There are 2 protein chains.
Amino acid sequence: MVQIPKTPAPASSAPRSVPTSADVARLAGVSRATVSYVLNNTGAVRISEPTRRRVHEAARELGYVPHAAARSLRAGHSRTVLMPAPAFPVGPLYSRFIGELQWALGRLDYTVVQYGTTGPHGDEAARAWAELRPVAVLVPGSLGPRGVEILRRSGARAVVTFGPEPVEGAHALLMDHETVGHRAARHLHDRGRRRIGVVMPEEDGLEVFSAPRLEGARRAVDGTDATVTGLPLAYEERSAARLAARWRSLGLDAVFAYNDEYAMLLMRALQDEGVAVPAETALIGADDLMLGRLLRPRLSTVRLELPSGRDLAALVDRAVHDPGATPERHEVLGATVVHRESS
Amino acid sequence: MVQIPKTPAPASSAPRSVPTSADVARLAGVSRATVSYVLNNTGAVRISEPTRRRVHEAARELGYVPHAAARSLRAGHSRTVLMPAPAFPVGPLYSRFIGELQWALGRLDYTVVQYGTTGPHGDEAARAWAELRPVAVLVPGSLGPRGVEILRRSGARAVVTFGPEPVEGAHALLMDHETVGHRAARHLHDRGRRRIGVVMPEEDGLEVFSAPRLEGARRAVDGTDATVTGLPLAYEERSAARLAARWRSLGLDAVFAYNDEYAMLLMRALQDEGVAVPAETALIGADDLMLGRLLRPRLSTVRLELPSGRDLAALVDRAVHDPGATPERHEVLGATVVHRESS
DNA sequence: TTGAAAGCGTTACCAG
DNA sequence: CTGGTAACGCTTTCAA
């Protein structure tokens with residue numbers, strides 16, 4: 001573990017106070033109003049060129065930077081889009097989506113702010129977010145209807161949730177993870193498999209996804225002679241080895257491994273145990289990560305597709321312009337089976 | 001500049017204006033000051049219990065949430081720690097570090113805000129950050145000295161950079177990636193290898209890390225009879241296949257693959273080409289990801305250790321309390337070789 | 001073309 | 001114990 005030593009605090013030097021628009025005005029020999037006009041390029045008022053120059057000069061010299069809080073206080077609104085950091089461990093897919101979204105919202109002149117979700121959950125968290133008076137809030141995962149109400153009452157013109165369930169009063173980008181499990185199980189069933197295992201990660205924060213996926217798998221084989229069995233698995237070699245050791249006693253001929261990473265973990269363990277993939281047990285993952293293509297046999301997978309950041313940005317912008325509109329519901333999680341060699 | 005047309009704002013349902021502390025005061029039949037005292041639990045003043053109740057009641061009824069901007073305007077400072085989103089693609093290591101850091105800063109009562117780094121870079125970006133008047137700024141990657149100056153002038157009591165090079169006026173958590181390459185190359189050299197390749201990812205934003213790693217590898221074999229060769233490689237199977245196809249013509253007997261993911265990519269390609277690992281070519285990655293342990297042969301790697309989020313949070317807190325102190329410099333990137341089977 | 005002044009929501013100081 | 005009042009930095013209306 002890398003240690004950063006703690007040093008004692010010596011006497012601090014007096015910090016030069018931060019320059020305000022009044023300071024700029026003083027230095028330029030004009031009024032604060034003029035400074036504001038010049039720096040914001042206000043169209044309605046025309047300021048003489050020499051004055052403009054003096055103001056810009058003064059601002060540069062002082063290193064003046066406007067105070068966002070003061071500005072939005074006066075304006076009565078901000079262009080801050082707040083997005084709580086997700087509670088679940090994020091993969092490359094989601095990271096890319098977030099990046100795209102931030103970029104797109106930036107183009108629309110919003111300031112995207114990710115709020116570090118440290119302590120409280122539920123309404124408590126919503127209140128903390130509301131203090132920042134964001135114009136819109138994008139919530140990965142879910143949120144109670146009371147949370148939505150708190151945010152709206154505090155001036156948020158759009159609340160968008162991004163999870164499995166719609167919430168009263170908020171726009172919803174629905175990610176139906178049941179479909180993922182459904183697709184996987186149906187694929188395995190189509191390939192002639194009948195006793196299907198579904199990996200359930202033991203890691204925290206993943207039940208939100210794994211439970212619906214299991215449910216979807218169940219639904220897929222409903223009314224057939226096939227069975228679906230949940231298989232708890234921690235993301236460690238030992239856990240996988242234990243599962244593999246009792247594999248034959250489980251009598252499964254296929255497994256949906258939650259995602260590609262768990263699939264890789266399990267595939268190794270099964271192969272080490274002498275279980276042939278796919279001959280003895282078919283295996284399918286999800287996410288279509290690069291690593292699946294690199295395994296031998298190449299891993300079948302369910303490719304997930306998140307909406308484009310641009311589309312979500314557009315939704316936000318629309319909602320901000322028309323806060324009263326009825327909440328939109330969009331099914332956004334594309335799920336398609338990519339058949340390779342492991343199934 | 002790309003313009004996305006803004007939809008015209010239709011008549012929105014009249015939004016009930018957001019309640020202020022004045023509204024609470026009115027409803028509770030007290031003054032705004034009293035509301036403030038009650039809601040902030042000010043110790044110096046004691047308010048009668050019935051009054052307290054009335055105030056709380058009124059606040060709850062109105063759904064009152066304090067306005068952070070107004071508060072910090074009045075207070076003259078905030079407890080916002082601003083962290084621009086990193087420009088490079090982040091791995092699980094870094095994500096975990098960020099999460100830890102946010103948690104730790106939360107414990108110290110800071111509000112962590114990740115700023116979506118959309119458009120401008122350099123001083124322009126620093127100005128945008130400065131508008132939020134954060135009490136501290138944590139910059140992943142680098143920043144010009146002028147950027148630091150802008151932030152300090154705008155009241156940031158601590159600026160911490162988190163990258164390969166120290167910046168004048170800012171605290172620095174130095175991540176010396178030369179060491180990573182050095183350790184890897186020395187390990188390979190110790191194992192008797194003499195013609196060492198170093199994978200250079202072609203993906204954007206990674207040169208910051210790959211260049212020093214190559215340099216470190218060079219340094220490690222400096223003055224010996226060994227050679228070091230840079231190997232451009234994109235993170236795609238085809239690119240890896242092309243590299244593998246001309247592998248024997250390169251005459252290398254070892255390769256440091258930048259990280260475990262590139263290592264896995266290259267290992268597959270080499271094996272498909274009939275190149276034995278480690279017999280013909282030794283292979284070592286970096287990051288010590290789970291996937292390395294799952295490969296056959298198991299992947300040797302350079303384990304990286306970032307500082308604990310708690311330590312960095314402590315550094316921030318110290319710096320905030322003592323803005324005048326001379327900037328701290330800490331070497332924080334632990335790099336140790338984990339020898340497995342691929343080398 | 002420029003300046004004075006009001007007000008956004010809070011809190012701290014000081015009278016009552 | 002409680003309540004008026006001023007001030008934080010900025011924008012904008014109105015007046016000169």
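As the structure is a computational prediction, the values presented were derived from the model and not from experiment.
Rounded to whole Å, atom C1' of dG9(D) lies 13 Å from atom CZ of R26(A). Protein atom NE2 of H77(A) is 16 Å distant from nucleotide atom C1' of dG9(C), rounded to whole Å. To the nearest angstrom, P of dT11(C) lies 11 Å from OH of Y37(B). Distance CZ (R74(B)) to C1' (dG7(C)): 16 Å, rounded to an integer number of Å. Between the P atom of dC8(D) and the NE2 atom of H67(A) lies a distance of 12 Å, rounded to the nearest Å. For R32(A) and dG9(D), the CZ to C1' distance is 8 Å, given to the nearest whole Å. The separation between L73(B) atom CG and dG9(D) atom C1' is 5 Å, rounded to whole Å. Residue N40(B) contributes atom CG, which lies 16 Å from atom C1' of dT2(D) at whole-angstrom precision.
Taking only side-chain nitrogens and oxygens, S31(A) never comes nearer than 4.0 Å to OP1 or OP2 of dT2(C).
In this structure, A70(B) and R71(A) both approach DNA chain D, and ranking their closest nucleotides by distance from the 5' end singles out A70(B).
When the nucleotides dT10(C), dT2(D), dC10(D) are ranked by their closest atom to the side chain of T34(B), dT2(D) comes out on top.
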Report the C-alpha separation of R60(B) and E57(B) in whole Å, then their side-chain angles, then the decisive distance to 0.1 Å, and conclude whether the side-chain contact (heavy atoms from CB on, under 4.5 Å) test is met.
-> CA-CA 5 Å; R60(B) 212 170 37 73; E57(B) 180 75 15; 3.4 Å; yes
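From H67(B), atom NE2 reaches atom OG of S154(A) across 9.0 Å, with rounding to the nearest 0.5 Å.
For R146(A), the CZ atom sits in a loose shell: 12 or fewer heavy atoms of surrounding residues, nucleotides or ligands are nearer than 6.0 Å. Atom CZ of R329(B) has more than 12 heavy atoms from other residues, nucleotides or ligands within 6.0 Å. Summarising the local packing, CD of E328(A) is surrounded by more than 12 heavy atoms from other residues, nucleotides or ligands at distances under 6.0 Å.
Side-chain contact between E131(B) and V65(A) is present, with at least one heavy-atom pair separated by less than 4.5 Å. At a threshold of 4.5 Å between non-hydrogen side-chain atoms, the residues V316(B) and L138(B) count as touching. The shortest distance between side-chain heavy atoms of S36(A) and T42(A) does not fall below 4.5 Å.
Within the 4.0 angstrom heavy-atom criterion, base atoms lie near S36(A).
Every residue two or more places apart in sequence or in another chain was checked for a side chain to side chain donor-acceptor pair (under 3.5 Å) with S95(A), and none qualifies.
The overall bend of the helix from dT1(C)-dA16(D) to dG16(C)-dC1(D), read as the angle between its terminal helix axes built from five base pairs each, is 50° when rounded to 10 degrees.
Within residues 47-63 of chain A, the residues that place at least one heavy atom under 4.0 Å from DNA chain C are, in residue-number order, I47(A), S48(A), T51(A).
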